[in-house]
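The structure appears below as structure tokens.
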2 protein chains.
Amino acid sequence: MVATIKDVAQQAGVSIATVSRALNTPDRVSLAAQSAVQAAIAALGFRPNLIGRQLRADKTGLIGVMLPTLSNPVFAECLQGIEQAALAANYRVLLMTTHYRADREQHALETLLNQRVDGMILTVAHAAQHAWLDRLEDLSVPYMLVYNQCDARPCVSVDNRAAAAQGVTELLLRGHRHIAMISGQLQASDRAQQRYQGYCDAMRAAGLVPGEPLEIDFESADLPPELVGRLTGPDRPTAVFCGNDRLAILVMRRLLARGLRIPQDVAILGFDGLEIGELLAPALATVSQPNADIGARAMERLHGWLDSGQRLASLVLPHGIRRGGSIHA
Amino acid sequence: MVATIKDVAQQAGVSIATVSRALNTPDRVSLAAQSAVQAAIAALGFRPNLIGRQLRADKTGLIGVMLPTLSNPVFAECLQGIEQAALAANYRVLLMTTHYRADREQHALETLLNQRVDGMILTVAHAAQHAWLDRLEDLSVPYMLVYNQCDARPCVSVDNRAAAAQGVTELLLRGHRHIAMISGQLQASDRAQQRYQGYCDAMRAAGLVPGEPLEIDFESADLPPELVGRLTGPDRPTAVFCGNDRLAILVMRRLLARGLRIPQDVAILGFDGLEIGELLAPALATVSQPNADIGARAMERLHGWLDSGQRLASLVLPHGIRRGGSIHA
DNA sequence: TGCGTTGATGAAAACGTTTACATTTTCAGA
DNA sequence: TCTGAAAATGTAAACGTTTTCATCAACGCA
């Protein structure tokens, strides 16, 4: 049997109120009582039951975090940032992954809500129209989106569209005219759509006709053969812009295996800024995001919101362009 | 104001006990009452407060997960496995990272204990002598170690020593005689020690004298110059066995930058089996572990323990040797 | 001495559930 | 119609805290 505050009180010869005060507001307790309580706590190995405390306080100190997957290091790094900032702000992290599935998004949000997390940090499929986010607003549960970018919601992200356009422009400057874009399912990710928009912007600004996006499952372990065909066939593109680095790496592998030279035969540009990309051969050029920062800043802002009750505006963090061997020889 | 079971009872014209039963054991409630309750729940948007339930039941449905870092994809993949298995078993995951620091291990365990998690999945510095693990045993809190390997505790891991020895043997078979080992701080990781033992085993079995381990901080972003010196200097090794893939990748980068050829000038062998290693140039040879499986199996076993009350034995999963360009031309 | 202020303490209520136990209702069989 | 068992329901306690409110002692001051 694990000791409760009642046992401590009895052992120390004081009331449970005094024990509670000794724990939370020691200055309101006589020195004699304090040391009696300390002794009793040590003797019994008492540790306060947070569940009781949370029920009474109607606060859990929990932050619900919902991300698509941890297999993509982008989200793992972001989570790392969240966790570090949560520790600093004395919150704990309850984690759920969705694997880009709507039913899992719903289940996760429901669970987090039932668990009475104080706030949430989320990446959802489509921030703009999302019934559950509206529900969070109604319930006035503080939340922050990460990676999603949407005027009507509190987000921490880069400017996906502008960043993508800048990346594609980098390819255009190198003389590419036939540039394809590969992306995870647009329907599963508003970021993917925004990045595709950025691609279109840059193409049109150069007087070119943007291609249709070549879609592929976000979590697929390899490229479908017919896609490989389009990238290696007779009218293949001279450059490929990939909606994220994971895809870019898959593409690089497949094309290299098919005997294409990168970047001479085809240039590859990613999006995310995964560190590991720098170590590939050739090094992956990419539009980089500050992943750990995205998480940490989101947590900081959420903390501010929880502290002040003031909803905070979105935050757009700077992106970067990391040049590398995959786009210039 | 968010609705409670009491509001639902009032709205439905029944007692709270009936509402509770309608929720948990619907077969013990008349159809009339069931539908009245359902209607009330829908009307009020009631969602059961898990905190109240957890307090009453003395069960939280939470699994505490403590890992060194998520920046190393090994642990991110493992966490992914844990999360997936936790979902299947209807548990939720509370995450804490330690960054290989003893004070953070202690803080995390304390927090998880206070939060009354039903069980824990942990990677600790040293499984064998670890006061807090002893404490868990005393409190009979079910837990499973991952990556740690220790006869006296419930672990899910590979056989680190044998795996390392097999990897090093692979190098020996290729004619290497001067093989160095680079590792994270041995004092921060029993796995590192076991892998070093395996290295020594293999070297001695070949009649060679094992070198001292070259230690480096687990989380350092680059190699210290003096270490680079030893790897590139006049009596440099012809092969380097790295205690984990992350280190191996750092080593590869540095040595390539110094103009050494891999594997002609120096062969590199990692440990972990990170997928990304296959995409490097040259592809990283490594001793592979089934990371997601380690997490998933640990969670399954923990679930079994929680269900049955029976502590389960350790599980040693098979390792593999992934050959690659970093050890053979 | 008497009074008011301050500081320490305790009793009890409250947070939202589940469940043991008691009570009421239903219904089949005589 | 009556009886008894079974089914449905309700009352109240319990889980471990925090906090309000009341009580009481101590003490300074007139």
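Protein chains get the first letters and strands the later ones, always in sequence-line order, with residue 1 at the start of each. For clarity, every value in this text was computed on a predicted model and none was experimentally measured.
- At a threshold of 4.0 angstrom between heavy atoms, the contacts of B/S20 include nucleobase atoms, whether or not backbone atoms are also involved.
- By the ring-ring contact (aromatic ring centres under 6.0 Å, His included) test, B/Y100 pairs with B/F218, sequence neighbours left out.
- Across the protein-nucleic acid pair, A/L50 atom CG and D/dT17 atom P stand 9 Å apart, rounded to whole Å.
- By the ring-ring contact (aromatic ring centres under 6.0 Å, His included) test, B/F75 is found to be paired with B/Y147, residues two or more places apart in sequence or in another chain being considered.
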**OP:** Could you run through nucleotides 11-16 of chain C and give me one letter per nucleotide, 5' to 3': B if any protein heavy atom sits under 4.0 Å from the base, S if only the sugar-phosphate is that close, - if neither?
**Re:** B-BBBB
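- Per the geometry, CD belonging to A/Q34 stands 14 Å off C1' belonging to C/dT9, to the nearest Å.
- Overall bending of the helix from C/dT1-D/dA30 to C/dA30-D/dT1, expressed as the angle between end axes built from five pairs apiece, is 50° (10° steps).
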Validation: residues 296-303 of chain A side-chain donor-acceptor distances under 3.5 Å, sequence neighbours left out:
residue : atom : partner : partner atom : Å
A/R301  : NE   : A/A313  : O            : 3.1
A/R301  : NH2  : A/A313  : O            : 2.9

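- Side-chain atoms of A/R153 come within 3.5 Å of backbone N or O of A/A128 as a donor-acceptor pair.
- With rounding to whole Å, A/L31 atom CG is found 12 Å from C/dA8 atom C1'.
- The residue among A/A33 and B/N24 whose nearest nucleotide of DNA chain C lies closer to the 5′ end is A/A33.
- In this structure B/R92 satisfies the side chain to side chain donor-acceptor pair (under 3.5 Å) test together with A/Q115, sequence neighbours excluded.
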**OP:** Verify side chain to side chain donor-acceptor pair (under 3.5 Å) between B/N114 and A/N49, making sure each step is shown before the conclusion.
**Re:** CA-CA 5 Å; B/N114 289 0; A/N49 184 323; over 6 Å; no
Original post:
side chain to side chain donor-acceptor pair (under 3.5 Å) between A/H130 and A/E105: does it pass, once the steps are laid out?
Top reply: CA-CA 10 Å; A/H130 197 287; A/E105 275 191 11; 2.7 Å; yes
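- For A/S30 and C/dT9, the shortest distance from a side-chain N or O to OP1 or OP2 is below 4.0 Å.
- A donor-acceptor pair is defined here as one N or O able to donate and one able to accept, closer than 3.5 Å; such a pair exists between the side chain of B/T60 and the backbone of B/L62.
- An OP1 or OP2 oxygen of C/dT9 is reached within less than 4.0 angstrom by no side-chain nitrogen or oxygen of A/T18.
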